[in-house]
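Presented below is the structure to which this report refers.
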Amino acid sequence: MVTTAPAPGRHRTSRPPRRLPGVLLGLVAVLAVAGAVAVFVLRAGFAPVLSPSMEPGFAPGDLLITRQVDARSVDVGDVVVLPRPDAPAERYAHRVVEVDRSQAEPRVRTKGDNNAAADPQRLRITSPTVPVVAGHVPWIGRVALLGQYGGVRVAVIVFAGLCLLVAAKRALW
């Protein structure tokens, strides 16, 4: 076999490594599996921030990462995610500013860090556990908010499946 040098004046074109997209897709798949393990094994939850009431700590569009704690252990200063009294299907995240444990089910009063006054209602916690914020990821909540639309959810699931198929194909062939 004879190899020749490129002709003078001609340069090899620089192409991105062929494996880079496969590695990136594989990384996305690993992160998705790690997220699923966090949800099912560590009982972690996620909640997007919808309003500026918790600024400067949490901005609209951030994604809150929560962990379930015993309702009796919620304390002043914890940021909890609770159902809204006026819309039980929706949740909000505010800081606990008052806890009353004199009854079997604790009652809490909350306040947004950016709000001038505490929320008017005291909420009775009826569930055995409460999601408490353990951390947050800036901007990712905007993507999570897209998940409230059925068409977007189906498109994301189909896209993730195609990414996994492409990654598997590239890994095997």
Side-chain angles (χ1 to χ4, degrees), residues 24-101 103-164:
L24 291 176
L25 291 174
L27 181 62
V28 168
V30 168
L31 290 175
V33 170
V37 168
V39 167
F40 291 109
V41 176
L42 303 175
R43 299 179 53 194
F46 304 97
V49 177
L50 303 176
S51 76
S53 66
M54 286 299 290
E55 284 184 332
F58 309 120
D62 288 357
L63 183 66
L64 301 177
I65 301 168
T66 63
R67 61 183 168 82
Q68 295 290 326
V69 301
D70 181 29
R72 306 279 310 162
S73 68
V74 171
D75 209 354
V76 172
D78 290 340
V79 177
V80 294
V81 179
L82 298 172
R84 284 181 42 182
D86 58 337
E90 297 178 17
R91 300 181 306 158
Y92 74 102
H94 275 180
R95 190 172 305 280
V96 174
V97 293
E98 181 183 313
V99 178
D100 178 8
R101 292 189 183 92
Q103 301 176 356
E105 296 172 335
R107 292 178 185 264
V108 297
R109 177 171 277 183
T110 58
K111 176 185 175 295
D113 289 350
N114 200 23
N115 295 345
D119 300 327
Q121 68 280 350
R122 284 189 175 84
L123 297 176
R124 184 170 46 107
I125 298 176
T126 58
S127 62
T129 60
V130 174
V132 173
V133 174
H136 77 287
V137 182
W139 297 98
I140 298 298
R142 294 180 191 269
V143 176
L145 288 175
L146 291 175
Q148 65 185 338
Y149 304 108
V152 173
R153 267 187 279 174
V154 170
V156 168
I157 291 170
V158 168
F159 179 72
L162 289 174
C163 289
L164 288 174

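Residue pairs meeting the salt bridge (charged side-chain N to carboxylate O under 4.0 Å, His left out) criterion with at least one partner in residues 113-135, sequence neighbours excluded, are Arg95-Asp113, Glu98-Arg122, Glu105-Arg124. Residue pairs satisfying the salt bridge (charged side-chain N to carboxylate O under 4.0 Å, His left out) criterion with at least one member in residues 35-62, sequence neighbours excluded, are absent.
Distance NE2/His94 to CZ/Arg84: 10.0 Å, rounded to 0.5 Å. Atom CG in Leu123 sits 12.5 Å away from atom CG in Asp100 (nearest 0.5 Å). Separation of atoms SG (Cys163) and CG (Leu27) is listed at 12.0 Å; rounding is to 0.5 Å. Interatomic distance, CZ of Phe58 versus CG of Leu63, reported as 11.0 Å (0.5 Å rounding).
Taking both residues in full, the closest heavy atoms of Ser73 and Asp78 are given as O-OD2, 4.2 Å, listed atom of the first, atom of the second, then distance. Closest approach of Pro88 to Asp86, counting heavy atoms only: CD-C, 3.9 Å. The shortest heavy-atom contact between Ser127 and Ala71 is O-CB, 3.4 Å. Shortest non-hydrogen contact noted between Arg91 and Ala47 is NH2-CB, 3.7 Å. The two residues Arg109 and Pro120 make their nearest non-hydrogen contact at NH2-O, 3.3 Å. Here the closest non-hydrogen pair linking Asp70 and Pro128 is OD1-O, 3.2 Å.
The side-chain heavy atoms of Asp75 and Val96, taken from C-beta on, include no pair separated by under 4.5 Å. Here the side chains of Leu82 and Val108 are in contact, with some heavy-atom distance below 4.5 Å. In this structure, the side chains of Phe46 and Leu64 stay at 4.5 Å or more apart for every pair of heavy atoms. Using a 4.5 Å cut-off on side-chain heavy atoms (C-beta onward), Leu50 and Glu90 make no contact.
Under 3.5 Å, the side chains of Ser53 and Tyr92 contain no donor-acceptor pair of N or O atoms.
A donor-acceptor pair under 3.5 Å links the side-chain atoms of Asn114 to the main chain of Pro52, judged by distance alone. A donor-acceptor distance shorter than 3.5 angstrom exists from the side chain of Arg101 to the backbone of Arg72, with no hydrogens or angles considered.
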